[in-house]
There are 2 protein chains.
Amino acid sequence: MKVSTKLKYGLKLLIYLGANQEGNITLKEVAEKENISVKYLEQIVTILRPLQILNSTRGNNGGYALSKHPKEISLFDIFNTLEGNFFEMNCVELPGSCTSSGICPTRDLWVDMRQLYVGYLKEKTIQDLVKKYKGRKQNEYSNLSRP
Amino acid sequence: MKVSTKLKYGLKLLIYLGANQEGNITLKEVAEKENISVKYLEQIVTILRPLQILNSTRGNNGGYALSKHPKEISLFDIFNTLEGNFFEMNCVELPGSCTSSGICPTRDLWVDMRQLYVGYLKEKTIQDLVKKYKGRKQNEYSNLSRP
DNA sequence: TATAATCATACCAAACAAGTAGGAATAGTA
DNA sequence: TACTATTCCTACTTGTTTGGTATGATTATA
């Protein structure tokens, strides 16, 4: 039960775009700053496409930008898209797939745990993460400026 | 991000043992009732051994029993043992494994989400699940007894 | 001695994760 | 027009993990 790199990198990409909203940002730039391969980022962008949160410009001087304000981008959507069905349990999503689901005492457990994360993620947006990102950057710089 | 069968079956095993505390229960019995292979259950039992929640008796008429009261068996321990490190993130468990962890805005996210689950699981015990199991069985029987 | 159970370990096939690779389409620039 | 930098598309590869099977030893009872 680990978090995939697609989700981790996808979040980093979106935070980067959210924190740098002037003009287009190339995947190359993100790749260098976040230490990810461009090719892998391209794949991640493809997966994110259906969410319609990215504007892309092709060709020279092209790149990406968020098409919505970061506070409109819910982490729940990102998780669901990049992590398959996050915390998916067949007996929860597909009732009937487990013959004992009627009397299965663990089923409620999965429902509860899923609800726990859904509740959390639906409250959070990319904007929350961008704020932290900027705060951290700020601190980093001020630390560096000290002797 | 799915829950492994080891964890699912392990829970079912422990619930079964918790609900049937008279004498030894063989893996064969659990396997038949819960529709799992005996050999696979043997593996799961091996993984659970370090937790010291099981008494085993070898030989003919042998079997397993819980060595603690179900309410003393925390789901958190079961999850951690059967699911590797549940919701593990290197950057959280092994600070320094991620070069950017100092300014990484997603790290807090993983910490929060992990805490959400840990908090939930530490409160819950096998006893909670056993109760539901027995309640369900009860209902099932009373339903069957109706015309 | 036969049988029924746990215990120990090795093996295996399929799925998945994490990326690489090659190239086509597009658009600005010299 | 040719060059370059980018997104877009799709296939491939490689290693790890999952979900088991298989074989057999050990132990205890009848």
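Order of the sequence lines fixes the chain letters, A, B, ..., with proteins taken first and strands second; residue numbering starts at 1 for each chain.
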**Message:** Measuring from the side chain of A:Ser4 (C-beta onward, heavy atoms only), which nucleotide among D:dT6, C:dA18, C:dC7 has the closest atom?
**Reply:** C:dA18
**Message:** Without decimals, in angstroms, what is the distance between B:Asn55 CG and C:dC7 P?
**Reply:** 10 Å
**Prompt:** B:Arg49 side chain: which of D:dT29, C:dC7, D:dC8 is closest?
**Reply:** C:dC7
**Item:** Residue pairs fulfilling side chain to side chain donor-acceptor pair (under 3.5 Å) with at least one residue in residues 55-83 of chain A, sequence neighbours excluded
**Value:** A:Ser4-A:Glu83, A:Asn24-A:Thr57
**Message:** Is it the case that C:dT6 (base atoms only) and B:Lys39 (side chain only) share a donor and an acceptor within less than 3.5 Å, ignoring hydrogens and angles?
**Reply:** no
**Request:** Give B:Thr57 one of three labels, base, sugar-phosphate or nothing, depending on what nucleic acid heavy atoms sit under 4.0 Å from its own.
**Result:** sugar-phosphate
**Prompt:** From C:dG19, D:dG20, C:dA8, pick the nucleotide closest to the side chain of B:Tyr9?
**Reply:** D:dG20
**Asked** Quick one: does B:Tyr120's side chain get under 4.5 Å of A:Leu109's, heavy atoms only?
**Response** yes
**Message:** Rounding to an integer number of Å, can you tell me how far B:Lys2 NZ sits from D:dT16 C1'?
**Reply:** 17 Å
**Item:** Between CG on residue B:Leu129 and CG on residue B:Leu14, distance to nearest 0.5 Å
**Value:** 9.5 Å
**Message:** If you count every heavy atom of other residues, nucleotides or ligands that lies below 6.0 Å from B:Glu123 atom CD, does the total exceed 12?
**Reply:** no
**Asked** Does A:Asn61 have a side-chain nitrogen or oxygen under 4.0 Å from the phosphate oxygens OP1 or OP2 of C:dT29?
**Response** yes
**Prompt:** Rounding to a whole Å, what distance do you find between A:Leu48:CG and D:dT7:P?
**Reply:** 14 Å
**Fill in**
Rounded to whole Å, the CD-C1' distance (B:Glu83 to D:dT17) equals 12 Å
**Fill in**
Testing C:dC7, C:dG19, C:dT29 for proximity to the side chain of A:Gln43, the answer is C:dG19
**Item:** Rounded distance [0.5 Å steps], CG in B:Leu13 versus CG in B:Leu17
**Value:** 4.5 Å
**Request:** Please report, rounded to the nearest Å, how far the C1' atom of C:dC16 is from the CG atom of A:Leu82.
**Result:** 16 Å
**Asked** Between D:dC8 and A:Ser56, is there an OP1 or OP2 to side-chain N/O distance shorter than 4.0 Å?
**Response** yes
**Message:** From CD of A:Glu29 over to P of D:dT7, roughly how many Å is that when rounded to an integer?
**Reply:** 11 Å
**Asked** Out of D:dG19, C:dT29, D:dC8, which has the shortest distance to the side chain of B:Thr5?
**Response** D:dG19
**Item:** Atom-to-atom span, CZ of A:Arg58 to P of C:dT26 - whole angstrom
**Value:** 6 Å
**Per A:Tyr40 side chain, nearest of listed nucleotides C:dA5, C:dA8, C:dA18** = C:dA18
**Request:** Report yes if a donor N or O on one partner sits less than 3.5 Å from an acceptor N or O on the other, where the partners are the side chain of A:Glu42 and the base of D:dT6; otherwise report no.
**Result:** no
**Request:** Let me know the distance between CD1 of A:Ile44 and C1' of D:dT7, rounded to the nearest Å.
**Result:** 15 Å
**Message:** Can you confirm whether the side chains of A:Arg114 and A:Tyr117 place a donor and an acceptor under 3.5 Å from each other?
**Reply:** yes
**Message:** From C-beta outward on A:Leu27, which listed nucleotide comes closest to its side chain: D:dT7, C:dC7, D:dT29?
**Reply:** D:dT7
**Prompt:** So, is A:Thr26 near the phosphate of D:dT7, with a side-chain N or O under 4.0 Å from OP1 or OP2?
**Reply:** no
